[in-house]
Amino acid sequence: MTVIAFSDVDVLDMLVVAAVAVTAILAIAIPRRVGATIAFLVFGLLLALLWARVAAPDVAIAEAALGGGVAGALLVDALHRRQPAQPNRDRRRAVAITAVGAALGAVTFAALATVLSRLTAEPADLGPLALEAVERSGVSHPITAVLLNFRNLDTLLEIAVVVFAAVGAAALSRDRIRTVTDPGPVRRVIAVIIVPALVLLAAWLLVAGTSEPGGAFQAGAVLGAALIIAHLCGVRPARAAGGRALVLVVAGLLAFILLGGIGLAATGTWLALDLSWAFAAILAIETLLTVSIGVALAMLFLAAGSRDDAAAADRAADAPALGGAP
């Protein structure tokens, strides 16, 4: 029997894992929305730190930008705009919902346990095979090679999900997005300092993704954060709404599909990349996907608040009539 000494386990890793578990439970269990939102934000940051500790910087960057950044902004915006729901006083309904949730959780746990029990203990050969084939992918970073060469069809479907979500959100919030007209001096200073820095960081993550941790998803998340901040600071040219924004969102998906057709014509295989032009094609697609992902995330943020803005405008318009104005 192998005995693991306490000194063999990093204390910081143990603390981070415990903190991730605790904040995850708090984000679900805390009844108040403010506390649950704060717990979720802390959970995202700790999870990004945990991914960095296990030598997965690409995932850490994406988690920090998406889980703690864009998703956190959506939650904070929703918390600021929406009134808390009335507590459910139907005890029977609450008990029924809890029972159904517990049953579904038990079934999920049983399914996962069954799958894990049937897994072989022998390590798979996909990792070494992927590392050996990186030289033939057109890039030198293995994660970028996996995303855009070895399993590019999965990446295409992931991009399609983001695009369809952004298009649907834009359709529901058409002509309802409020423009910030007077952001104030503090927001103007923030826009001048932070937004260019985030755009520059997004560009660096995009270019670095071919040889270092980074890529389209990470760069797009940072670009989306820059567009959200720009909108909140009243930068009208950066507003991710309207027909031009939709064109930018759809362009990445269409370019990816076009690349698949070019690969089929050149190599006989869908989405296959010839080594002579693979690097240029991957960098071009990564650039378009960065813009598409960034604009799509910003559109989702703007659409989340447009419904409340429209409702507030309708209440303000109806107020004189309801109050019996002359």
What distance separates [X] [atom1] from [Y] [atom2], expressed to the nearest 0.5 Å?
X	Y	atom1	atom2	answer
I193	C233	CD1	SG	10.5 Å
T37	R32	OG1	CZ	13.0 Å
L259	L254	CG	CG	12.5 Å

For residues [X] and [Y], determine if any side-chain heavy atom of one lies less than 4.5 Å from a side-chain heavy atom of the other.
X	Y	result
V167	L246	yes
L227	V295	yes
L206	Q218	no
F217	T155	yes
L156	L253	yes
V161	L157	no
F43	I28	no

Indicate the atoms forming the closest heavy-atom contact of [X] with [Y], along with that distance.
X	Y	value
V249	A166	CG1-CB, 4.1 Å
A255	L288	CB-CD1, 3.4 Å
A226	V199	CB-CG2, 4.2 Å
G215	E286	CA-OE1, 3.4 Å
A60	A52	CB-N, 3.7 Å
A36	A27	CB-O, 3.6 Å

Tested for side-chain contact (heavy atoms from CB on, under 4.5 Å) against T23, the lone hit among L41, L45, L46 is L46
Does one hydrophobic cluster hold both [X] and [Y], with members joined at side-chain heavy-atom distances below 4.5 Å?
X	Y	value
V22	L15	no
L49	I25	no
I229	W204	yes
V291	L283	yes
I159	I262	yes

If we ignore hydrogens and angles and just use 3.5 Å, is the side chain of S292 paired with the main-chain N or O of L248 as donor and acceptor?
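Yes, the answer is positive, given that a donor and an acceptor are paired below the 3.5 Å cut-off.
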Working note: V163 + V250, criterion side-chain contact (heavy atoms from CB on, under 4.5 Å); need CA distance, chi angles, decisive distance, verdict.
CA-CA 6 Å; V163 170; V250 178; 4.2 Å; yes
